[in-house]
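Below is one structure, written out as structure tokens; comments come after it.
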Amino acid sequence: MIQLHDKYFTPYIKADSIDSTIKKMAAEIKADCGDEVPVFIGVLNGAFRFVADLMKHYNGDCEVQFIKMQSYEGTASKGTVLQQIGLNQDLSQRKVVILEDIIDTGNTLTEIYKLLENQGVDDFKIASLFFKPTAYTKEHSIHYIGFEIPDRFIVGYGLDYDGLGRNLSDIYQLKTTYMTNLVLFGPPGAGKGTQADVLKEKYNLVHISTGDVFRYNIKNKTDLGTLAKSYIDKGHLVPDEVTIKMLNAEVEKNPDANGFIFDGFPRTEAQAESLDRLLTEKGSQVNAMIALEVDDEILVSRLMERGKTSGRPDDANESVIRDRIAVYYKQTAVLKNYYQKQEKFIGVDGVGSIEEISIRLSEAIDSL
Ligand code: IMP
Ligand code: MG
């Protein structure tokens, strides 16, 4: 993912695929021109790279001229087209091929048709590296098309977003879906796991349980898992840097997710800051810290109840349970404060049926 001004773009078409497409276009044009020497007319600014590479692959004599038109500001067509540099060569007897980087609405193309007809050029063809058929509102023929693409805004290979991105060799597309990233908290016995399962289904989120991520990496002996284990074996804490790299790998494994539920991370303010950095790099952010709130006495009785059947030793003993709850509040206080300062803390009443609590959580998420 890359950032240009205020927007984020994700990889779309690789440079080598652009190159082989241009090679094919050059061969097609050559076949149609035969022994005649064509005049290529590049439409600036966007087409400069396309012109250069098409000529590189053109196997025969050819000439080149440029015209400059502009119809875009930001990421939407203004509808009006200005001609900024005109033609200064008699092309009435020549084979002309217009080289466009991209045809969107076709407004620019209309101007080009007018310009060439006014100048008495009657043998001309249009070649466009990219074409957006669903955005196209005109009837003019386009003779050579590199890629037909959906109506999305792209940058790279000569195409820009407000001046930037022309130097990129790959094509990137504007990222339009924004993620919902939640940090989920709840004391032991609050039903966090159950609710995370409901939320991930409902919102197409990926649940990243830090404990599971650690176990997965260690079990599968990934580089990061082996590194983490070396600290654990010595009785040391795994450095935040290692943990955040594991989380980053999980995030990158799921590029199509609508967002993530972070569970068991962050535990410290430094970790919260590094999570912010990780998501910022992805053009995203933590949208909310959601804490399930359940009265201590209810938690104690829930866990004691569970201990009767679960066989978990840490559920059976009331003082152990109270300790675990106390540790939770001690650890989360600083995070609650961190997210409260950013107005991202949301406390949700965690007493009631699973469905009732899910409804409260959904309301909180829908309000983001
Ligand atoms: P049209 O006149 O709507 O066909 O737009 C043509 C001009 O708009 C192109 O020459 C580009 O300069 C610009 N344009 C259209 N779509 C894109 C895009 O996806 N990325 C960058 N520029 C674009
Ligand atoms: Mg253009």
Side-chain angles (χ1 to χ4, degrees), residues 1-15 17-19 21-22 25 29 40-55 64-87 96-118 124-177 283:
M1 183 139 49
I2 55 155
Q3 182 174 11
L4 300 172
H5 298 296
D6 57 329
K7 300 211 183 315
Y8 291 86
F9 297 83
T10 51
Y12 184 36
I13 302 173
K14 286 269 175 222
S17 148
I18 298 170
D19 195 60
T21 296
I22 294 176
M25 294 176 84
I29 296 171
F40 293 129
I41 299 181
V43 185
L44 292 173
N45 290 330
F48 74 100
R49 295 185 71 163
F50 175 44
V51 173
D53 285 340
L54 189 105
M55 289 182 75
V64 68
Q65 287 283 328
F66 289 94
I67 51 175
K68 183 159 176 170
M69 320 281 248
Q70 196 180 32
S71 74
Y72 256 69
E73 200 159 272
T75 59
S77 183
K78 284 188 297 187
T80 51
V81 183
L82 309 165
Q83 184 201 338
Q84 297 180 326
I85 304 175
L87 290 173
V96 169
V97 183
I98 301 294
L99 301 183
E100 259 286 28
D101 48 335
I102 189 162
I103 296 173
D104 184 15
T105 61
N107 291 333
T108 311
L109 193 58
T110 298
E111 296 305 310
I112 291 171
Y113 265 83
K114 271 193 221 157
L115 175 70
L116 294 175
E117 282 157 9
N118 285 343
F124 68 88
K125 290 200 163 147
I126 310 293
S128 187
L129 182 55
F130 299 101
F131 175 51
K132 298 180 185 171
T134 53
Y136 193 55
T137 58
K138 308 287 192 237
E139 303 288 325
H140 317 292
S141 310
I142 304 169
H143 307 86
Y144 309 98
I145 293 171
F147 297 88
E148 288 202 357
I149 61 168
D151 190 6
R152 296 204 193 121
F153 190 78
I154 59 171
V155 293
Y157 196 77
L159 294 154
D160 70 310
Y161 165 51
D162 270 353
L164 298 184
R166 297 191 195 276
N167 55 324
L168 300 163
S169 293
D170 296 334
I171 291 287
Y172 292 77
Q173 62 178 326
L174 181 66
K175 185 167 157 40
T176 48
T177 52

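Residue numbers count from 1 along this sequence. Note that ligands are numbered from 1 as they come in the structure, with each ligand's atoms numbered from 1 the same way.
- Residue contacts with ligand 1 leave out Leu109, since none of its heavy atoms falls under 4.0 Å from the ligand.
- Which parts of ligand 1 touch Gly106 is read off a 4.0 Å heavy-atom cut-off, strictly below it: atoms 1 (P), 3 (O), 4 (O).
- In this structure, Tyr157 and Asp53 have side chains that are in contact, with non-hydrogen atoms separated by less than 4.5 Å.
- Near Glu100, with a cut-off below 4.0 Å to any heavy atom, the atoms of ligand 1 are 10 (O).
- Contacts between Arg152 and ligand 1, counted as non-hydrogen atom pairs separated by less than 4.0 Å, involve the backbone only.
- Around the NZ atom of Lys14, the shell of radius 6.0 Å holds no more than 12 heavy atoms that belong to other residues, nucleotides or ligands.
- The option with the heavy atom closest to atom 22 (N) of ligand 1, from among Tyr172, Phe153, Tyr161, is Phe153.
- Side chain of Thr137 to main chain of Thr105: a donor-acceptor pair is present (N/O by atom type, distance under 3.5 Å, no hydrogens or angles).
- Annotation for ligand 1: atoms under 4.0 Å from non-hydrogen atoms of Ile154 are 18 (C), 19 (O), 20 (N), 21 (C).
- In this pair, Phe9 and Tyr161 present their aromatic rings tilted. The plane angle is within the 30 to 60° band.
- In this structure, the salt bridge (charged side-chain N to carboxylate O under 4.0 Å, His left out) partners of Lys114, at least two apart in sequence or on a different chain, are Glu111.
- A donor-acceptor contact shorter than 3.5 Å is absent between the side chain of Arg166 and the backbone of Arg49.
- Per-residue contacts place Asp101 under 4.0 angstrom from the following atoms of ligand 1 (heavy atoms of the residue considered): 10 (O).
- When the options Val43, Ile18, Leu99 are evaluated for a side-chain contact (heavy atoms from CB on, under 4.5 Å) with Phe50, the one that passes is Leu99.
- Here is the list of ligand 1 atoms found below 4.0 Å of a heavy atom in Lys132: 16 (N), 17 (C), 18 (C), 19 (O).
- When each atom of ligand 1 is checked for a heavy atom of Asp160 under 4.0 Å away, the hits are 21 (C).
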